[in-house]
Amino acid sequence: MKKSIFIWGLLTSVCLSGSAFALDAFRIYDDKPEQICNEVSINGQVDLSVVMEKAICANPALKISYLSSLISGASYGQGLSNYLPDISVNGSLSTSSSKKDGAENADDNSDLGVNAKLNWLLLDFGGRSANANRLKLALQSSYFAYDDKVQSLLYDVAQKYYAVLSAEEKYEGLMEAEKSFKKAFEEASSRYELGLVPLSDKLQAQTSYEQAKLSSNVARKNIALERGNLAKLLNLPPYTLFELKRPEKKLEKLPPKKKIKELIELALSQRPDYKASKQDVLASEKQIVIAKSDGLPTLSGNLNAGANKDIRHSQDGVYSAGAGLTLSVPLFTGFSQSYKISQAQLQYQAAQKNLEVLENDIQNQVWSAVQEYETSLESFKISETLLASAKENERVAFESYKVGKVNILTLLDAQSSLASARVENSTSFYNFLTAQYTLQKALGKMEKKQ
C-alpha cells in the first residue's frame, strides 16, 4: 500500500509541475513587442499626438494583430516542447462482485491500478530543430507585422485627422464665399432697383449665391463623414464630438534632401513589412528541411511503470516497470513524401518572389512619396501667393462694380477665384502635412507625434 501511495504522490507532482509550463516555461514572450499605451480622454480640444495615443490604445484591429503575434509565440512554444518527453498517467478503480450457485458469500473485489508512461523522441535527423527554427522565424515575422500595423494605424490617423481639418477649413472658406456672393447679390439687387444695371445682373448674382449655399451644404456633410472615419479608428461612435487642434500654417525648418537611392536603402533597412517578408522566406526554407526529415528514421525511448492492488483484500500488490527503444523507418508513403518536398521547395521559391515584389513596391512607394512631398510643398507655397492675389482682386472688383467700372461677371469671377483660392490654400496645406507622413510611412519610420 505504501508503494502505491508513493506512486500516486510522484505522478501528482509530475502533473502539477506540468501545469507550470503554461507560464511560458521557455520564456517565449520575453521579447514580445511592447504595447505602449497611455490612456487619454478625447474631449475638449485635442492635438494629433493625443488622437494617435487614443488609437493605439483603442483600435480593435491593432489589438487583433497583437494577439496574432502572441498566438505565433504559443506555436513556437509547442515546437520547443517537442524536445521534451511526453508523460502520461492512467489510473483506474474498479469494483466487481461474483457468486457461485450454492455459495453463501459473494466474492467481492476492488482493484486500484496506476500506470505511467514516458515517450521521448531521441533522434529525428533535424526535423524538430528545423520546425522550431521555422516557428521562431514565424514569431519574429508576426512581431514585425504588428509593428507594421502600428505604423499603418498612425498613418491612417494622421491622414483622417488632416482630412477633418481640411474639410472644416474648406467649409469655412465656402461660407466666406457665400457671404461674398450674398453681398454681391444684395449690391446687384440694389443697383437694379435704382435702374443702374439690367435684371440679368441681379439674376446672375442670385444664381452664384444659391450655388455657393449648395456648396456649403455639401461641405458640411463632408465634415461629418470625415469625423466618422476618424472616430472609427479610435473605436468611438461616429457621433462623438471633439475639437481638433489646428496647426499653424507655416513651414517649419525642413530636413535636408537625401538622394532617392539613400532613401530607398533606408526604407529597406527599417520597413517592418519588408523585415517580416524576409523572415517568411527563411521560414519557408526551413520547411524544406522539415519535409525531407519526415522521410528519415526516428529513434524514441520509452519507459513505463505500473501498480495494481486489490484494496479490499490484504493481498500483495503487483508492480511492473519496463524500458525500451523504438526505431521507426518509413519505407513507402505512396509518393506523398516526394510531393511534400516539392511543395516546400515551390513555396520557398514563391516566398522569394514575394519578397522581390515587395522590394520593388517599396522602391516605387518611396519614389512616389518623395514626388508627392516635393509637389505638395511647392503647391502650398504657390497657394499662399494665389490667395493673397485673389483677396486683393476680389476687393478691387467689388469696389469697381459699386461705381459701375466693371460688370457683374467680372465681380462674380473674382469672387469665384477667391473661393477657389481659399479652398486650394487649406487643401494644399493639409496635403503637405499628409505627404510628410506618407514619406515617413514609406521609409518605415512613423512617429507618434504631430
Side-chain angles (χ1 to χ4, degrees), residues 48-49 51-52 55 144-145 147-170 173 222 226 229-230 233 246-278 353-390 417 420-450:
L48 179 55
S49 62
V51 178
M52 284 182 168
F144 287 130
D147 187 17
D148 183 60
K149 195 72 175 180
V150 172
Q151 301 236 348
S152 295
L153 177 61
L154 294 178
Y155 172 74
D156 291 342
V157 169
Q159 188 181 43
K160 297 304 180 185
Y161 181 93
Y162 292 136
V164 171
L165 293 181
S166 180
E168 288 178 349
E169 290 201 18
K170 180 178 180 179
N222 290 335
E226 294 295 352
N229 292 333
L230 179 59
L233 294 175
R246 297 185 182 182
E248 295 183 29
K249 284 189 178 179
K250 64 178 183 178
L251 297 177
E252 300 179 357
K253 185 178 180 180
L254 301 176
K257 282 187 177 182
K258 290 185 178 181
K259 294 181 179 179
I260 189 68
K261 185 177 180 180
E262 295 177 356
L263 293 175
I264 290 175
E265 291 175 352
L266 180 62
L268 293 176
S269 68
Q270 61 187 18
R271 282 273 294 250
D273 55 342
Y274 186 69
K275 293 178 181 179
S277 186
K278 289 175 70 174
K353 293 302 178 182
N354 286 333
L355 179 63
E356 184 179 335
V357 169
L358 180 57
E359 182 174 343
N360 290 334
D361 287 344
I362 290 174
Q363 292 178 2
N364 186 65
Q365 288 170 16
V366 173
W367 172 258
S368 300
V370 169
Q371 305 312 311
E372 181 65 26
Y373 173 82
E374 294 179 349
T375 301
S376 62
L377 174 59
E378 292 301 318
S379 295
F380 175 63
K381 292 178 179 179
I382 294 172
S383 72
E384 290 278 86
T385 303
L386 179 63
L387 178 59
S389 176
S417 297
S420 298
R422 285 197 180 101
V423 171
E424 181 61 35
N425 180 251
S426 60
T427 301
S428 62
F429 175 64
Y430 290 112
N431 283 346
F432 168 67
L433 295 183
T434 302
Q436 287 182 308
Y437 280 99
T438 302
L439 181 56
Q440 285 185 20
K441 186 175 185 299
L443 296 177
K445 198 65 177 177
M446 284 290 299
E447 297 178 359
K448 190 171 59 176
K449 63 180 183 180
Q450 188 171 7

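- Residues E168 and R246 are in side-chain contact: their nearest non-hydrogen atoms beyond the backbone lie under 4.5 Å apart.
- Looking at S420, its side chain never comes within 3.5 Å of a backbone N or O of S417 through a donor-acceptor pair.
- Heavy-atom neighbours of K149 NZ from other residues, nucleotides or ligands within 6.0 Å: at or below the threshold of 12.
- Summarising the geometry, atom CD belonging to Q440 is positioned 9.5 Å from atom CG belonging to L154; distances are rounded to the nearest 0.5 Å.
- Side chains of S383 and S428: a donor on one and an acceptor on the other come within 3.5 Å.
- In this structure, OG in S152 is found 9.5 Å from CG in D147, a value given to the nearest 0.5 Å.
- A tilted orientation is assigned to the rings of F429 and F380, their planes being inclined by 30° to 60°.
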Carefully, step by step, assess K381 and E384 under the rule salt bridge (charged side-chain N to carboxylate O under 4.0 Å, His left out). CA-CA 5 Å; K381 292 178 179 179; E384 290 278 86; over 6 Å; no

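- Of the inter-residue distances, the one linking S376 atom OG with Q371 atom CD reads 11.0 Å to the nearest 0.5 angstrom.
- Ring-centre distance between Y155 and Y437: not below the 6.0 Å cut-off.
- Here the CG-NZ distance, from L355 to K275, works out to 13.5 Å after rounding to the nearest 0.5 Å.
- Scored by the side chain to side chain donor-acceptor pair (under 3.5 Å) test, K249 finds E169, N425 as partners (sequence neighbours excluded).
- Taking CG of L358 as the start and CG of D273 as the end, the distance is 5.0 Å to the nearest 0.5 Å.
- Side chains of T438 and Y373: no donor on one and acceptor on the other come within 3.5 Å.
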